[in-house]
Amino acid sequence: MARRMRVCVALTTFMILSSVGTFIPGTDGPVSLQTALEGGNAELPCDTIPESVHDELMLLVWYKDDVPIYSFDARINIEWSSAVFNISGRLSADIEKQPSKLLISSLTGDDQALYHCRVDFLLAPTRNIGVNLTVIVLPSQPFFLDEVGNKVENKIGPYHEGDTLVLSCLVIGGRPPPRISWYSGEDLVDASDGTSDIPGVRENELYLPLTRDNAQSLSCRASNNQLTPPVITTLQIELYLPAFNVSIYWVHGTLGDALQAGKPAVAKCIAHGSHPQPDVLWWLDHKHLTQHSNQSLDKTTRTAISFLELTPSVSDNGATLACIATNSAMTPGRDSKADVVVLNVTYSPIIEITRVGDGRPGEVVELDSLKLECETKANPPVVNYTWYFNNIEIMSNSIWGSSTNSPTLYIEEATRKHAGKYSCAAINAVGETRTEFINIIVNYPPECSQSGIVLVKETLKCNINALPAPDTYFWHIQSSGEDVQHLTTGSPLLPLTQISGGLLDVLDASCEAGNGIASQDKPCRKLFSLEQLRPPQPQQCDLAYEYEEFQMRCVPVENATHYEVSVWRMSTSNSSLVLERRRSMGFGVTQALAQGGGIPWLVRGPLGTLKIGDEAGASACNRYGCSRALLLRPTENLLHAAAGPWWKFLLEKDVGISVGATVLVVAFLASTAFLVRLIRRSRSKPPVPVIQVLQLDDVARDYLDTIGEHKVRASCSLRSCSSGYSDGSTETAPTVDRRRKPRTLWGWDQPPPDVTLTLHRESAV
Ligand SMILES: *[C@@H]1O[C@H](CO)[C@@H](O)[C@H](O)[C@H]1NC(C)=O
Ligand SMILES: *[C@@H]1O[C@H](CO)[C@@H](O)[C@H](O)[C@H]1NC(C)=O
Ligand SMILES: *[C@@H]1O[C@H](CO)[C@@H](O)[C@H](O)[C@H]1NC(C)=O
Ligand SMILES: *[C@@H]1O[C@H](CO)[C@@H](O)[C@H](O)[C@H]1NC(C)=O
Ligand SMILES: *[C@@H]1O[C@H](CO)[C@@H](O)[C@H](O)[C@H]1NC(C)=O
Ligand SMILES: *[C@@H]1O[C@H](CO)[C@@H](O)[C@H](O)[C@H]1NC(C)=O
Ligand SMILES: *[C@@H]1O[C@H](CO)[C@@H](O)[C@H](O)[C@H]1NC(C)=O
Ligand SMILES: *[C@@H]1O[C@H](CO)[C@@H](O)[C@H](O)[C@H]1NC(C)=O
């Protein structure tokens, strides 16, 4: 039995080795296709099931390209393999499985061949089945060569956007020959591969204009089958890029997108996509903001962020805030990208009050319209206005009209009530602002004030109400018996000295002022008596007989410009004194003319001759007239002294009259005069002179005594009496207190007692 087995094996082996018949696909049997990767496994199927149950498998043989590589003898159940093929035991068979399989592992490119199996049966004819095995050989990892043939590793650049990248991707080997393609991300950008000059090498030369998008992830792929993913090598391209988009955001300090003047806000600028890192700069209306910004960069997202702290002012409203990301690696012009926002800076109203209209800003003429305007600048706009007058809110009423909540305050007819301080306030969403005051003056034309024209001392004053104060006064002056005089003054005062001509009685004065606003409606007018401006009555006078005539001598009084002497004689028909003659008084001696120096001087006037009963008067005068006369009566002593020797009288006067008759007549006249006086006294008529003893005090006396050249006759002077009386005017005579001390002019002292002893008190009656 063992011998028979050995014979069988030998036979089989012989048969396998000897039967070198060529397998013809299709003719000898069917052929199936099988693909496997180099290094992988292949399963070659072969149907070994007999067609009938009575039949049985005898022998299975596998051939590679008609060379046996494996056999199985079912009769003795023995396997055989070609030692050349079964390297490292990579061959095995699975006969039990239907169909049976020949397993080849660790495939190499050489394993690609036409395999077939031959199956021998006991009864049935031999069966042949082919398997066309293709072994795929993967290509090498792609690599890059630049234009000049230098190898490029991983990274290339830098390039600028738009530059054309010229780069070859090469692959060695691969069966079937691989396709080489350039991809940007998942997008095919170039599939134009071809063979290289170098055998077994394929390449794809890329001409790619670089863009922000296609340069991001460029790769080269080589692929020669469907079973495995392509072989990929990626390439990093350094591409200089400007920022792609730049955006400004408000981080805080804003309400909505509105800023508030004076309130700090922070803005954030984000610049995407610049490579390398951009300089992020801030500009506010062409002004570079440096000090407030800082910058940070996120490299992976290529995002640069800059913060700006900004405290906007009112003038920044409407300004443009720009954030500019500049790539300094790039050429100017293509290097930057910017975002711009227009600032909306809100602020409480900025207001100014003005008067609209002609004329000076703060003035309005009565009855003209007054228009005040509240000029505002505000963001957001003003919603309401309020007006104030003298710090009190103006409400619309008859005085103020209805436009009290508008930017314009309009008063159709300004009155003096409208003069005062105005201000206005404006409100917007941010706040309320009030202006400073503006002072409005309401001017009006001159009008006569209640007091009208007044006379103060020697000056007329025209009292006028007007605004502004008048600058010109027109006067119309008429004094009794004179022509009207027209005068113009720059002040309300008109000194009477400016009026020419006499000013003796009544003065008719009218005045009218001009202040440039309008003419005065009605002039002021008044009548004045100037009597009070006359000088006072002379108080200290005496009578003297000098130079062969009577002389009136007086101590001058204030404000007199000249003096008058007069002689008064009793009327024959009634009991009043009648003016006989008057003369102006000459001034005293030359030294007396030297006024001042405190030395009193005398004025003197010649009276001519005086008779018994005559009274001598002296009055002080100026342009407003004369004072009442001070009357003095010559004493008998004085008359006697003046009479001289009786014969003289005869010689000079009536020679024809006898002495006796003369004596009689004198006696008669004397008695008559005496009687008349008695009657006058008994009747006690109002004009009866009240006798006042006038005392010349020491100083005056000394003075009189020292008037050198006339000293001889000084003994003839007498202290005399004066009589105040009514000189025909309606005034009543002043009552005189006899005990009253003489009025002291210029502060003379009271006379010493011994002086009064010499006083020759004598009644004139
Ligand atoms: C291939 O060789 C190994 C050992 O080298 C062996 O175990 C195996 O059985 C052989 N295969 C066949 C089919 O004979
Ligand atoms: C085996 O397959 C390859 C590829 O499919 C083919 O080129 C070749 O001609 C086939 N061989 C036979 C013998 O059919
Ligand atoms: C800016 O570009 C980046 C990247 O392309 C994008 O994510 C972002 O949304 C863009 N921003 C704006 C405001 O367009
Ligand atoms: C500015 O902001 C204010 C407040 O949000 C708004 O009322 C106003 O309309 C804005 N102005 C502009 C020009 O956008
Ligand atoms: C930049 O300024 C902002 C705001 O002031 C601040 O929050 C941030 O921390 C600053 N960044 C750097 C890098 O200093
Ligand atoms: C404006 O303010 C006044 C009070 O000051 C008020 O009476 C008036 O109604 C306001 N007008 C508007 C339009 O708000
Ligand atoms: C004299 O005139 C001046 C100026 O007018 C006046 O002040 C003074 O009172 C007058 N004197 C007398 C006594 O009237
Ligand atoms: C007194 O008589 C004179 C004439 O001698 C006269 O002018 C004067 O008016 C008379 N006076 C009175 C009060 O009658």
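Start at 1 and go down the list; that is how both ligands and their atoms are numbered. Side chains are part of it too, since the values below use all heavy atoms of this structure and drop only hydrogens, waters and symmetry mates. All values derive from a computational prediction rather than experimental measurement.
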- Task: Give the atoms of ligand 1, by number and element, whose distance to some non-hydrogen atom of Y70 is under 4.0 Å.
- Result: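 Ligand 1 atoms under the 4.0 Å threshold to Y70: 13 (C).
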- Message: Out of all atoms in ligand 1, which are within 4.0 Å of some heavy atom of L91? Include the element for each.
- Response: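 Within the 4.0 Å cut-off of L91, ligand 1 contributes 11 (N).
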- Message: If the condition is side-chain hydrogen bond (donor to acceptor under 3.5 Å, both in side chains), which residues does R623 pass it with, not counting sequence neighbours?
- Response: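 With sequence neighbours excluded, R623 shows a side-chain hydrogen bond (donor to acceptor under 3.5 Å, both in side chains) to no residue whatsoever.
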Side-chain heavy-atom pair [X], [Y] within 4.5 angstrom cut-off:
X: Y624; Y: L507; value: no
X: W80; Y: D73; value: no
X: P407; Y: T376; value: no

- Message: Using a 4.0 Å cutoff against the non-hydrogen atoms of S576, which atoms of ligand 8 qualify?
- Response: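 Reading through ligand 8 atom by atom, the close ones are 1 (C), 11 (N).
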- Message: At less than 4.0 angstrom from any non-hydrogen atom of S573, what atoms of ligand 8 do you find?
- Response: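 Listed by number with element, the hits are 1 (C), 2 (O), 5 (O).
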For ligand 6, find each of its N or O atoms that sits under 3.5 Å from a protein N or O atom, and tabulate the pairs with distances to one decimal place.
residue  : atom   : partner : partner atom : Å
ligand 6 : 2 (O)  : N384    : ND2          : 2.2
ligand 6 : 5 (O)  : E393    : OE2          : 3.4
ligand 6 : 11 (N) : N384    : ND2          : 2.8
ligand 6 : 14 (O) : N384    : ND2          : 3.2

- Message: Geometry only, no angles: is N86 polar-contacting ligand 1 at N/O separations under 3.5 Å?
- Response: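 Yes, at least one N or O pair falls under 3.5 Å.
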- Query: Is D257 atom CG crowded by more than 12 heavy atoms from other residues, nucleotides or ligands, each under 6.0 Å away?
  - Reply: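 Open.
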- Query: What about N574: any of its N or O atoms under 3.5 Å from an N or O on ligand 8?
  - Reply: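 The answer is yes, given that N574 and ligand 8 share an N or O pair closer than 3.5 Å.
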- Query: Does D47 have any salt bridge (charged side-chain N to carboxylate O under 4.0 Å, His left out) partners at least two apart in sequence or in another chain, and if so, which?
  - Reply: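 Partners of D47 under the salt bridge (charged side-chain N to carboxylate O under 4.0 Å, His left out) test: R127.
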- Task: Would you list the pairs meeting disulfide (SG to SG under 2.5 Å) in which at least one residue belongs to residues 92-137, sequence neighbours left out?
- Result: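 Qualifying pairs: C46-C117.
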- Distance from S480 atom OG to L503 atom CG, nearest 0.5 Å?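 Spacing of OG (S480) from CG (L503) equals 8.5 Å.
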